[in-house]
Amino acid sequence: MEQPQNIKGMRDHLPPAMLLRQHIINTLVGIFERHGFEPITTPIVEYAETLEGKLGDEEKLIYRFEDHGGRRVALRYDQTVPLARVVAQYSGQLTLPWRRYSVGPSYRGERPARGRYREFWQADADLVGSASPVADAEIIAMLTEALAALGFPGFTTLLNHRQVIGGIARVSGLEEAAAGSVYRAIDKLDKIGPDGVHDELQKTGVTEDAATGILALVQLEGSSADVLHELRQRLQGDERAMAALANLEAIIGHLDSMGVSPEQYQVAPRLARGLSYYTGTVFEAITSHWPAGSLLGGGRYDELIGMFGKQSVPTVGLAFGIDRLHDVMEELGIGPRPQTTAQVYVTVFSDAQMDASLRLAHELRAAGIHTITTLDGGTNLGKQFKEADKRGLRFALVVGPDEVERNEVAIRNMQNGAQRTVPRSAAAAVLREMLGM
RNA sequence: GUGUCUGUAGCUCAAUGGUUAGAGCGCCUGACUGUGGAUCAGGAGGCUGUGGGUUCAAUCCCCAUCAGACACCCCA
């Protein structure tokens with residue numbers, strides 16, 4: 001290790017990136033809390049067996065190792081399984097239904113690609129302990145509010161139900177066991193097109209007729225009502241699918257009152273999603289401006305918590321991909337792009353004036369203004385202004401001998417060069433106003 | 001995990017199988033001794049990702065390794 005370097009797929013986030021990330025996280029948390037979701041944090045390291053047996057195929061991507069005590073441990077793969085562990089473990093202390101959120105990193109040993117990293121952050125929100133369609137609707141409403149608050153221009157939430165897909169497979173005469181590869185094939189519809197899916201299905205052993213039938217179903221598009229109607233016709237006789245369709249209809253029925261308009265979502269029978277713990281609704285949000293994966297994903301998993309030994313607790317939730325949101329916003333130029341956290345730069349005229357500047361800075365900070373000063377009193381003013389400019393500060397203040405004598409402060413607007421002198425006692429108030437605080 | 005491509009100064013990129021590897025931007029200093037973004041003049045900064053090999057000689061050719069990009073797989 002002669003050269004400092006990152007582990008593959010694990011990134012450093014320097015201030016410019018971090019400031020945007022914080023904006024994203026703060027925005028999401030704001031929406032979560034507006035809906036009364038409560039924060040929790042769980043360890044990044046879990047017993048390997050806690051994570052095993054919950055994810056399906058993806059399990060091979062779990063980071064596993066032995067700790068010093070020889071315990072088989074793993075880095076968490078998402079925040080959903082740890083949540084399920086927590087709910088099972090603290091059932092006596094939780095009042096259900098429980099709205100909780102959690103923000104932090106998860107780890108997957110995948111080959112990194114665009115919008116995909118081995119360490120990635122998710123903002124996860126789940127509504128634990130309710131099977132009501134209102135719960136599903138609330139999660140979808142929240143995701144819609146969040147993407148709008150972040151400023152995403154055109155996004156769509158694709159909505160489906162595991163038992164709709166199951167029904168499609170059953171109606172096509174497929175064994176339950178074959179369903180997995182069918183899910184994967186139809187999930188690729190947007191990428192490889194109908195012919196591609198047809199080939200893919202046949203490759204997995206589906207008959208030509210069945211493939212054609214499946215394809216006709218998963219390609220359904222149009223208004224949610226139309227798609228649901230059509231699915232109901234074609235899946236007739238499959239009870240579980242009928243129940244799923246009724247459930248979707250009930251959820252959609254609440255969306256309007258929750259502020260979600262019909263053009264912001266669509267029923268998409270092709271949406272499968274890989275995680276095996278989903279049992280009901282599944283959804284993800286995509287934007288046409290970003291080809292590399294969804295911005296968030298989620299669904300209902302009514303059996304996962306029960307896997308930790310106690311009774312099942314119906315739950316629906318979602319995870320925003322912070323890194324993807326960041327990458328897309330960066331690429332599309334969405335959102336604020338602050339260069340720094342400081343707002344005001346207090347110059348130091350000379351060593352003799354150092355304390356006057358420090359005192360002023362202290363007062364400004366006490367007034368809530370983010371303030372930095374020069375550290376070296378021997379630096380000439382020109383250099384200090386240059387630094388203030390480079391750092392992207394909005395105002396530079398001067399308290400030289402003249403200002404001290406007149407008990408004033410000079411405030412210079414670094415964006416347009418306008419400079420004014422105000423009474424020392426008014427400096428904080430004036431700045432607060434100029435900063436729009 | 002599979003395949004393809006890439007890796008030279010802080011950043012974006014040049015260059016040649018052979019003496020001290022270049023440019024722009026950025027950075028530092030000065031012209032400007034109470035005021036930044038312009039201009040001009042100087043300056044610092046590279047064992048060419050790392051480790052091997054071929055060769056009289058390698059940044060350039062070969063192998064490995066690490067990291068990155070893209071596609072596949074799959075997902076946030």
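Chain naming here is simple, since letters A, B, ... match the order of the sequence lines and numbering starts at 1 in each. Quick caveat, the model's predicted, so the values are computed rather than measured.
On a pure distance criterion of 3.5 Å, a polar donor-acceptor pair joins the side chain of A/Gln419 and the base of B/U35. Contact annotation: side chain of A/Asp389 to base of B/G36, donor-acceptor pair present below 3.5 Å. For A/Arg111 against B/G3, a side-chain-to-base donor-acceptor contact under 3.5 Å is present. For B/A76, the base has a donor-acceptor partner in the side chain of A/Glu110 [N/O atoms by modelled type, under 3.5 angstrom].
In this structure, CZ of A/Arg114 is placed 20 Å from P of B/U6, rounded to the nearest angstrom. In this entry the distance linking NZ of A/Lys383 with C1' of B/U33 reads 13 Å, nearest Å.
In this structure, A/Lys390 does not reach the B/G26 phosphate: none of its side-chain N or O atoms is under 4.0 Å from OP1 or OP2. In terms of phosphate contacts, A/Arg412 brings no side-chain nitrogen or oxygen within less than 4.0 Å of OP1 or OP2 of B/U35.
For the pair A/Arg391 and A/Tyr345, the cation does not sit on the ring face, since its NZ or CZ is not both under 6.0 Å from the ring centre and inside 45° of the axis.
Where A/Asp323 and A/Pro112 meet RNA chain B, the nucleotide closest to each residue was compared, and A/Pro112 sits on the side nearer the 5' end. Taking the nucleotide of RNA chain B with the nearest heavy atom to each of A/Phe120 and A/Gly109, the more 5' of the two is matched to A/Gly109.
Here the closest non-hydrogen pair linking A/Ile40 and A/Ser102 is O-OG, 3.2 Å.
Residue A/Gly417 is classed as a base contact, given a heavy-atom separation below 4.0 Å to a base. Within the nucleic acid shown, A/Gln79 has no heavy atom closer than 4.0 Å to any nucleic acid atom.
The side chain of A/Val398 sits closest to B/U35 out of B/U35, B/C66, B/G30. Of all nucleotides listed (B/U35, B/A76, B/C66), B/A76 comes nearest to the side chain of A/Tyr117.
The residues A/Glu403 and A/Arg424 are annotated as not salt-bridged, no charged nitrogen and carboxylate oxygen being separated by less than 4.0 angstrom.
Here A/Phe349 does not count as stacked on B/G34, because the ring centres are not under 5.5 angstrom apart with planes under 30°.
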